[in-house]
Engineer: 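A single structure is presented below for examination.
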There are 2 protein chains.
Amino acid sequence: MAAESGTRARTRRAIVDAAVALLAGDPTASLGDVATAAGVGRTTVHRYFPERSDLLAAISADVLDKVEAATERARLDDGPAAKALERLCQEYFELGDGLTLMFDTPQLTNWSDWDEETPADLHFLHTVRRGHAEGSIDAELHEEWVRNLVWALLYTAWEHTRTTGTPKHSALTLCLHTLRKAIAP
Amino acid sequence: MAAESGTRARTRRAIVDAAVALLAGDPTASLGDVATAAGVGRTTVHRYFPERSDLLAAISADVLDKVEAATERARLDDGPAAKALERLCQEYFELGDGLTLMFDTPQLTNWSDWDEETPADLHFLHTVRRGHAEGSIDAELHEEWVRNLVWALLYTAWEHTRTTGTPKHSALTLCLHTLRKAIAP
DNA sequence: CCGTTATGGAACAACAGTGTTCCACTCGGC
DNA sequence: GCCGAGTGGAACACTGTTGTTCCATAACGG
């Protein structure tokens with residue numbers, strides 16, 4: 001795909017970012033709302049994303065990119081697997097709204113890209129197996145369960161900040177504390 | 001409220017039950033879909049619940065009732081608090097779709113009834129505090145965090161059965177195993 | 001068995017969201 | 001400054017959902 005002009009790239013980003021923030025709060029928000037939140041006209045949104053599904057696909061790809069990048073940063077292959085998962089948890093926590101969105105908008109993850117076998121996912125599952133082998137992760141907990149558990153804890157942590165007003169770092173601490181104990185052998 | 005005729009009570013139940021099952025899968029399902037799922041005409045749905053919000057309110061009340069009943073059955077005041085929470089987890093797990101619905105349809109819980117201070121909720125939080133005092137629950141984990149954690153684990157367990165095809169009892173076992181370790185001091 | 005009670009279906013108006021077109025505008029970069 | 005890329009807004013048709021009304025008919029109960 002040809003490189004977009006600076007202006008267009010910036011507008012596209014504004015729309016996608018606004019959409020993520022908005023849809024995280026209300027997955028049924030209208031395109032008009034997205035346009036307003038992005039500070040652009042509804043027409044412009046349609047210019048970039050002809051159909052709603054196109055916008056959703058773009059969001060999906062965007063979040064996927066961020067997840068992959070976060071996974072890279074966690075350096076899953078370094079040190080004990082249990083510690084690696086904690087690092088990953090910290091990185092994922094930073095994804096914020098993107099996290100919430102993925103969690104309660106399954107239609108997004110069932111998209112073309114997420115063949116349930118994204119590189120990040122495979123790397124994650126592999127790390128859990130490594131943890132099982134080296135004894136740093138409870139062998140009773142199946143790989144998929146650990147994956148779902150991590151996502152659920154992250155979602156809970158964000159939810160916790162929203163409902164109780166707990167500062168983010170405290171929520172993250174609780175999240176990591178809980179994860180550490182849960183996966184310990 | 002005057003007792004409803006047997007027929008009406010039965011129809012009302014069919015509609016509410018169908019709505020819970022359907023909305024758990026897709027919170028945006030139309031009233032027509034609900035009617036079909038319940039095996040009644042759309043007109044009939046409107047006869048019982050003039051507006052969509054009326055149906056939602058009825059569902060909310062219904063789920064709330066079931067939560068209260070499940071909480072009763074768990075006998076939270078008996079034995080160690082940690083064990084009590086495990087029993088509660090088992091009872092809540094049986095709520096099935098109602099669980100999913102509450103989890104990702106916050107608009108329901110923000111309804112009139114759920115003043116964030118339902119009897120079941122208060123009893124739950126009180127039990128956690130008891131656990132803190134008697135030392136059976138990790139004092140680092142704030143009451144609200146434990147509550148959110150339990151709900152998240154339950155949701156995860158159900159999600160796990162759906163995506164991996166794991167039998168329900170296995171998912172519940174994983175859920176309880178994880179909870180036990182997470183809240184242990 | 002007969003009347004009340006409950007239901008299903010069709011038809012309707014109203015509404016919100018979507019997707020499209022067109023035109024006037026403004027902003028950025030050469 | 002100028003030109004074209006990029007934008008905003010108005011207007012439109014279209015769709016699906018909602019909520020309403022009316023009537024024929026099925027089911028239930030005494």
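Only this structure's heavy atoms are used, side chains among them; waters, hydrogens and symmetry mates stay out. A, B, ... follow the sequence lines: proteins, then strands. Residue 1 opens every chain. Predicted model only: the values in this text are computed from it and were never measured.
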Engineer: Kindly say whether the aromatic ring centers of Tyr92(A) and Phe124(A) come within a distance under 6.0 Å.
Structural biologist: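 Tyr92(A) vs Phe124(A): aromatic centres not under 6.0 Å.
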
Engineer: Would you give the length of the straight line joining atom OG1 of Thr163(A) to atom CG of Asn148(B), rounded to the nearest 0.5 angstrom?
Structural biologist: 5.0 Å

Engineer: Rounding to 10°, can you tell me the angle the first-five-pair axis of the helix from dC1(C)-dG30(D) to dC30(C)-dG1(D) makes with its last-five-pair axis?
Structural biologist: 30°

Engineer: Working note: Asp33(A) + Ser30(A), criterion side-chain hydrogen bond (donor to acceptor under 3.5 Å, both in side chains); need CA distance, chi angles, decisive distance, verdict.
Structural biologist: CA-CA 5 Å; Asp33(A) 295 335; Ser30(A) 75; 3.3 Å; yes

Engineer: Quick one: what's the B/S/- string for nucleotides 16-30 of chain C, heavy-atom cutoff under 4.0 Å, read 5' to 3'?
Structural biologist: -SBBBB---------

Engineer: So, is Tyr48(A) close to the dG6(D) phosphate, meaning a side-chain N or O under 4.0 Å from OP1 or OP2?
Structural biologist: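 So the side chain of Tyr48(A) is outside the cut-off, no N or O lying under 4.0 Å from OP1 or OP2 of dG6(D).
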
Engineer: Does the distance from a Lys or Arg side-chain N to an Asp or Glu carboxylate O, for Asp78(A) and Lys83(A), drop under 4.0 Å?
Structural biologist: no

Engineer: In whole Å, what is the span from the CZ atom of Arg8(B) to the C1' atom of dA27(D)?
Structural biologist: 15 Å

Engineer: Does the side chain of Thr11(A) get closer than 4.0 angstrom to OP1 or OP2 of dT7(D) through an N or O atom?
Structural biologist: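 The answer is yes; a side-chain N or O of Thr11(A) sits under 4.0 Å from OP1 or OP2.
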
Engineer: With side chains defined as the heavy atoms from C-beta onward, is the minimum distance between Val63(B) and Lys66(B) less than 4.5 Å?
Structural biologist: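 Side chain of Val63(B) against side chain of Lys66(B), heavy atoms only: no contact under 4.5 Å found.
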
Engineer: Is the shortest side-chain heavy-atom distance between Leu31(B) and Leu55(B) below 4.5 Å?
Structural biologist: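 With C-beta onward as the side chain, the pair touches.
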
Engineer: Got Leu88(A) and Thr127(A) here, is their nearest side-chain heavy-atom distance under 4.5 Å?
Structural biologist: no

Engineer: Would you give the length of the straight line joining atom CD of Glu68(B) to atom OG1 of Thr118(B), rounded to the nearest 0.5 angstrom?
Structural biologist: 4.0 Å

